[in-house]
Q: 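Below is a structure I'd like to ask you about.
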Number of protein chains: 2
Amino acid sequence: MIKNGEIEQSMHLLRVLARSYSSVSTHSFGSCKKFGFNPTEFAVLELLYHKGPQKLNEIGSRLLLVSGGVTYVVDKMVAAGLVIREPCQTDRRVIYAKLTEKGRRTIEEIAPKHAENLHEAVSGLTPAEKEKLIDLLKKMGKEAERKWKEKSSRI
Amino acid sequence: MIKNGEIEQSMHLLRVLARSYSSVSTHSFGSCKKFGFNPTEFAVLELLYHKGPQKLNEIGSRLLLVSGGVTYVVDKMVAAGLVIREPCQTDRRVIYAKLTEKGRRTIEEIAPKHAENLHEAVSGLTPAEKEKLIDLLKKMGKEAERKWKEKSSRI
DNA sequence: ATTTATTATATCAAATTTGAAATAATAGTC
DNA sequence: GACTATTATTTCAAATTTGATATAATAAAT
């Protein structure tokens with residue numbers, strides 16, 4: 001049986017999480033915009049930069065975009081010359097998105113400044129506190145994912 | 001001078017935060033949808049239920065909606081019979097959004113089930129860990145807000 | 001009393017996201 | 001090899017969000 005106070009605490013946690021997340025996101029979104037991108041585009045740039053060429057559906061699952069949304073954002077970035085599509089050799093259903101030279105130069109120039117902006121956004125915590133926060137968030141997130149998969153598989 | 005490792009830690013924190021938040025949000029969005037609302041509508045219902053009638057611009061600033069967005073969502077909820085607009089007596093620029101009887105009944109019926117769904121989403125943590133997480137998130141969020149206001153005022 | 005600045009809401013077009021097909025390729029089974 | 005199920009991407013319309021501007025009311029200053 002679930003105690004009532006515990007549910008109340010969970011709801012409180014979620015309100016605090018939502019508020020804190022949006023405060024931090026404000027910095028992030030503002031920084032993206034300053035560099036001429038929306039958050040989705042920026043996330044794609046970062047993903048391709050850090051992880052290399054990605055299958056379109058991987059982009060979707062990592063950034064929580066539906067398939068149509070991936071097509072949309074990639075189209076735009078291709079039009080801007082930041083990204084190219086590369087069909088997979090072994091599976092003709094699959095298409096990779098890959099940074100162009102221009103895309104790489106762009107993100108390399110922006111990334112450090114963006115990082116400083118974000119660093120400022122979380123400057124309320126000491127390194128030790130950040131470490132603790134990372135642990136708790138990971139633990140919470142992992143279980144949320146697990147539970148969601150469990151739910152989804154029950155359909 | 002900022003040490004490089006600290007920035008890296010901050011970036012790591014932000015990645016973990018984003019991922020953890022979206023894992024939890026998946027539960028929240030799914031729950032809203034199950035009850036026939038999108039997250040924005042649900043948030044408005046909850047806000048009006050917990051805080052009573054709100055000025056439209058208060059709704060906007062709390063839920064991070066631009067004024068056009070507030071008009072849009074309130075229009076829809078008025079059309080659904082969940083909310084009414086009430087002009088302010090003392091300031092004719094101001095309009096309040098207020099739950100109708102139907103709106104109140106709806107949220108009262110949904111809220112407990114929604115709360116249980118969310119409680120499940122954060123079940124990876126013990127009450128003590130939740131308490132600690134709340135503290136850290138609050139501290140981080142407060143400073144992020146302060147810094148953002150500081151930035152904004154410098155324009 | 002006018003003027004000026006600020007605040008609140010609405011309007012509207014453009015950008016973005018969502019969700020439901022449609023299309024095409026692969027994998028597994030018989 | 002034909003049949004069925006699954007996976008990947010695109011297409012398209014509808015829903016939602018964003019951003020700029022318009023309208024109206026209040027507040028502050030002269």
Side-chain angles (χ1 to χ4, degrees), chain A residues 22 25-26 28-45 48 53-80 82-98 152-153 155, chain B residues 22 25-26 28-45 48 53-80 82-98 152-153 155:
Chain A
S22 75
S25 292
T26 303
S28 175
F29 290 10
S31 180
C32 294
K33 197 206 271 187
K34 206 170 68 174
F35 298 121
F37 296 103
N38 72 33
T40 306
E41 293 164 339
F42 204 98
V44 171
L45 275 182
L48 298 185
Q54 299 286 310
K55 300 174 182 176
L56 297 190
N57 69 348
E58 278 172 346
I59 294 178
S61 61
R62 275 181 187 276
L63 308 184
L64 298 187
L65 301 174
V66 298
S67 59
V70 175
T71 299
Y72 178 76
V73 66
V74 170
D75 278 351
K76 238 183 349 162
M77 298 179 79
V78 167
L82 300 166
V83 159
I84 54 169
R85 280 186 169 84
E86 277 200 341
C88 176
Q89 297 299 323
T90 60
D91 185 338
R92 296 203 300 171
R93 291 170 302 181
V94 174
I95 297 179
Y96 286 88
K98 179 183 165 183
S152 306
S153 68
I155 294 177
Chain B
S22 74
S25 291
T26 302
S28 174
F29 291 10
S31 180
C32 293
K33 197 206 271 186
K34 206 171 67 173
F35 297 122
F37 296 103
N38 71 32
T40 308
E41 294 164 340
F42 204 98
V44 171
L45 275 182
L48 299 185
Q54 299 287 308
K55 300 174 184 176
L56 296 190
N57 68 350
E58 279 172 346
I59 294 178
S61 60
R62 276 181 186 276
L63 308 184
L64 299 185
L65 302 174
V66 298
S67 64
V70 175
T71 300
Y72 178 75
V73 65
V74 170
D75 278 351
K76 236 182 353 160
M77 297 179 79
V78 167
L82 299 167
V83 160
I84 53 171
R85 280 186 168 84
E86 276 202 342
C88 175
Q89 297 300 322
T90 59
D91 185 339
R92 296 202 302 169
R93 292 170 302 180
V94 174
I95 297 178
Y96 287 88
K98 180 182 165 184
S152 307
S153 69
I155 295 179

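Computed from heavy atoms alone, side chains included, the values below leave out hydrogens, waters and symmetry copies. Quantities reported herein were computed from a predicted structural model and do not represent experimental measurements. Note on naming: letters A, B, ... go to the chains in the order of the sequence lines (proteins, then strands), and numbering restarts at 1 for each one.
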Q: Are A:Lys76 and C:dA15 close enough that a side-chain N or O sits under 4.0 Å from OP1 or OP2?
A: no

Q: Could you tell me the separation between the CZ atom of A:Phe42 and the NZ atom of A:Lys33, rounded to the nearest 0.5 Å?
A: 14.5 Å

Q: Report the distance from atom CD of B:Glu86 to atom P of C:dA8, rounded to the nearest whole Å.
A: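 Interatomic distance, CD of B:Glu86 to P of C:dA8: 19 Å.
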
Q: Look up atom CG in B:Leu45 and atom CZ in B:Phe35, then write down how far apart they are to the nearest 0.5 Å.
A: 12.0 Å

Q: May I ask you to test the A:Ile59-A:Leu48 pair for a side-chain heavy-atom distance under 4.5 Å?
A: yes

Q: List for me each residue that meets side-chain contact (heavy atoms from CB on, under 4.5 Å) alongside B:Ile95, sequence neighbours excluded, and say none if there are none.
A: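 Partners of B:Ile95 by the side-chain contact (heavy atoms from CB on, under 4.5 Å) criterion, ordered by chain and then number, come out as B:Leu56, B:Arg85.
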
Q: Grab the CD-C1' distance between B:Gln89 and D:dT26 for me, whole Å please.
A: 16 Å

Q: For a 4.5 angstrom cut-off between non-hydrogen side-chain atoms, does A:Leu64 reach B:Phe29?
A: no

Q: Check every atom of D:dT26, D:dG19, C:dT9 against the side chain of B:Ser67 and return the nucleotide holding the closest atom.
A: C:dT9

Q: Check for a donor-acceptor pair, side chain of B:Asn57 on one end and backbone N or O of B:Gly60 on the other, with a separation under 3.5 Å.
A: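 No; zero donor-acceptor contacts below 3.5 Å.
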
Q: Identify all pairs in which a protein N or O lies below 3.5 Å from an N or O of nucleotides 4-6 of chain D, and state each distance.
A:
none

Q: Quick one: is D:dT9 close enough that its OP1 or OP2 comes under 4.0 Å of any side-chain N or O from A:Asn57?
A: yes

Q: At under 4.0 Å, does any side-chain N or O of B:Thr40 touch on OP1 or OP2 of D:dT16?
A: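 No.
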
Q: Between C:dT7 atom P and B:Ile95 atom CD1, what is the distance in whole Å?
A: 18 Å

Q: Nearest of C:dT16, D:dT26, D:dT9 to any side-chain atom of B:Arg92?
A: D:dT26

Q: How long is the line joining CD of B:Glu41 and C1' of D:dA15, in whole Å?
A: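 Going from CD in B:Glu41 over to C1' in D:dA15 covers 10 Å.
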
Q: Are OP1 or OP2 of D:dT10 and a side-chain N or O of A:Arg85 less than 4.0 angstrom apart?
A: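 Yes, A:Arg85 has a side-chain N/O under 4.0 Å of OP1/OP2 on D:dT10.
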
Q: Starting at atom CZ of B:Phe37, determine the distance to atom P of D:dT16, rounded to an integer number of angstrom.
A: 12 Å

Q: Return whichever of A:Asn38 or B:Lys33 has its heavy-atom-nearest nucleotide of DNA chain C closer to the 5' end.
A: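 Result: A:Asn38.
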
Q: Using atom CG of A:Asp75 as one end and atom P of D:dT9 as the other, report the distance to the nearest whole Å.
A: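 Those two atoms, CG and P, are 13 Å apart.
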
Q: Give the rounded distance in Å between these two atoms: CD of A:Glu58 and P of D:dT7.
A: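 The distance from CD of A:Glu58 to P of D:dT7 comes to 15 Å, rounded to the nearest Å.
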
Q: Rounded to whole angstroms, how far apart are CG on A:Leu65 and P on D:dT17?
A: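 Computing the A:Leu65:CG to D:dT17:P distance gives 16 Å.
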
Q: Taking any heavy-atom pair under 4.0 Å as a contact, classify A:Val66: base, sugar-phosphate, or nothing.
A: base

Q: Roughly how far, to the nearest 0.5 Å, is the CD atom of A:Gln54 from the CG atom of A:Leu63?
A: 9.0 Å

Q: Apply side chain to side chain contact (heavy atoms under 4.5 Å, CB included) to the pair A:Asn38 and A:Val73, showing each step before the final yes or no.
A: CA-CA 10 Å; A:Asn38 72 33; A:Val73 66; 5.5 Å; no

Q: Between C:dT9, D:dT9, C:dT26, which one does the side chain of A:Thr71 approach most closely?
A: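 The answer is D:dT9, which lies nearest to the side chain.
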
Q: Can you work out whether B:Tyr72 or B:Gly68 has the more 5'-proximal nearest nucleotide on DNA chain D?
A: B:Tyr72

Q: Which nucleotide sits closest to the side chain of B:Asp91: D:dA25, C:dT9, D:dG19?
A: D:dA25

